[in-house]
Amino acid sequence: SHTWSAIGMHDKFWAPIAAKLRPGGLVLVNDSTFETPLDAGSYHVFRVPATDLATRLGNELGGSMVMAGAYAGITGLVGLDAMIEGMRESIPSYRRQHVAANESAIRAGFDSVEHLTCPAWDDAGVRA
């Protein structure tokens, strides 16, 4: 089980995150922008083409939503429907036009990964 999780959207932000990551931790990186090689022996590394998926959906700035969906799929920390509902509730009224695009991006990220590859919960429902 992982003891710490990190999501890397771009290499330039990696150093401070890497310093906090424990051996065996879960790392998701944006394969579209993150070029730094990572030691797969030290971490559970998943490369998600977040920017490319978001761009194909017509939402160039939706990479973080793709990564959130991928994280939910890989860990099962939160269900897809709950994640989408949480996004809807957190969007301020003046940004409501982004809800549908964000939902598509979350679903694309969720669908782009093998589910529960690194589960957040053990079989008894305790955080792994």
Side-chain angles (χ1 to χ4, degrees):
S1 67
H2 60 279
T3 55
W4 190 267
S5 301
I7 296 178
M9 291 298 287
H10 197 284
D11 301 72
K12 68 181 178 179
F13 304 112
W14 176 244
I17 294 170
K20 297 175 184 177
L21 192 62
R22 297 177 187 163
L26 169 63
V27 180
L28 273 73
V29 296
N30 183 357
D31 199 40
S32 307
T33 58
F34 196 102
E35 296 178 2
T36 300
L38 298 174
D39 182 1
S42 297
Y43 311 118
H44 297 282
V45 178
F46 296 87
R47 299 188 77 87
V48 179
T51 301
D52 293 343
L53 286 170
T55 300
R56 276 187 244 140
L57 294 169
N59 182 12
E60 295 79 18
L61 300 178
S64 62
M65 293 289 115
V66 171
M67 292 297 274
Y71 186 81
I74 290 167
T75 65
L77 186 62
V78 64
L80 178 61
D81 292 339
M83 175 169 275
I84 290 170
E85 186 58 31
M87 175 273 298
R88 286 182 182 145
E89 290 178 10
S90 68
I91 297 286
S93 60
Y94 59 89
R95 296 193 185 257
R96 300 299 296 166
Q97 72 274 18
H98 299 295
V99 168
N102 285 349
E103 180 175 343
S104 294
I106 291 169
R107 288 184 186 280
F110 188 85
D111 292 342
S112 73
V113 297
E114 185 176 340
H115 296 169
L116 299 176
T117 314
C118 197
W121 312 107
D122 67 15
D123 291 337
V126 177
R127 191 171 186 319

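Computed from a prediction, not measured in an experiment: that's the story for all the values here. Position 1 is the first residue of the sequence, and the numbers go up from there.
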Among residues at least two apart in sequence or on other chains, which ones pass side chain to side chain donor-acceptor pair (under 3.5 Å) with T55?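 For T55, no residue satisfies side chain to side chain donor-acceptor pair (under 3.5 Å) once neighbours in sequence are set aside.
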
Check side-chain contact (heavy atoms from CB on, under 4.5 Å) between [X] and all other residues, then give those that pass, not counting sequence neighbours.
{"X": "T33", "answer": "H10, N30, T51"}
{"X": "S104", "answer": "L57"}
{"X": "P37", "answer": "none"}
{"X": "V99", "answer": "M87, R88, I91, R96"}

Hydrophobic clustering (ILVMFWY, side-chain heavy atoms < 4.5 Å, transitive) - are L116 and Y71 grouped together?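 Cluster IDs for Y71 and L116 differ.
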
Verify same cluster id: L80, M67 (apolar side-chain graph, 4.5 Å): no

Rounded at 0.5 Å granularity, tell me how far [atom1] in [X] sits from [atom2] in [Y].
{"X": "M83", "Y": "R107", "atom1": "CE", "atom2": "CZ", "value": "12.0 Å"}
{"X": "I106", "Y": "N102", "atom1": "CD1", "atom2": "CG", "value": "6.0 Å"}
{"X": "S42", "Y": "R22", "atom1": "OG", "atom2": "CZ", "value": "15.0 Å"}
{"X": "L21", "Y": "Y43", "atom1": "CG", "atom2": "OH", "value": "5.0 Å"}
{"X": "L28", "Y": "I74", "atom1": "CG", "atom2": "CD1", "value": "4.0 Å"}

Please name the pair of heavy atoms, one in [X] and one in [Y], separated by the smallest distance, quoted to 0.1 Å.
{"X": "M65", "Y": "A105", "answer": "CB-CB, 3.6 Å"}
{"X": "S32", "Y": "A50", "answer": "OG-N, 3.8 Å"}
{"X": "A54", "Y": "G62", "answer": "CB-C, 3.7 Å"}
{"X": "A82", "Y": "V78", "answer": "CB-CG2, 3.6 Å"}

So do the side chains of L26 and F46 get within less than 4.5 Å of each other, counting heavy atoms only?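 Result yes, sub-4.5 Å side-chain heavy-atom pair found.
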
Listed once per pair and sorted, the salt bridge (Lys or Arg N to Asp or Glu O under 4.0 Å) pairs that draw on residues 23-48, sequence neighbours left out: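 For residues 23-48, and leaving out neighbouring residues, the salt bridge (Lys or Arg N to Asp or Glu O under 4.0 Å) pairs sorted by first residue read D31-R47.
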
Determine which pairs satisfy salt bridge (Lys or Arg N to Asp or Glu O under 4.0 Å) with at least one residue from residues 52-75, sequence neighbours left out, and list them in order.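 Qualifying pairs: none.
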
Could you tell me which residues satisfy salt bridge (charged side-chain N to carboxylate O under 4.0 Å, His left out) with D111, sequence neighbours excluded, listed by chain and number?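 Not a single residue meets the salt bridge (charged side-chain N to carboxylate O under 4.0 Å, His left out) criterion with D111.
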
Would you list the pairs meeting ring-ring contact (aromatic ring centres under 6.0 Å, His included) in which at least one residue belongs to residues 74-111, sequence neighbours left out? F110-H115

Contact list for residues 19-40, test ring-ring contact (aromatic ring centres under 6.0 Å, His included), sequence neighbours left out: W14-F34

Please say whether more than 12 non-hydrogen atoms of neighbouring residues, nucleotides or ligands are located less than 6.0 Å from CD in Q97.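 Correct, the count exceeds 12.
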
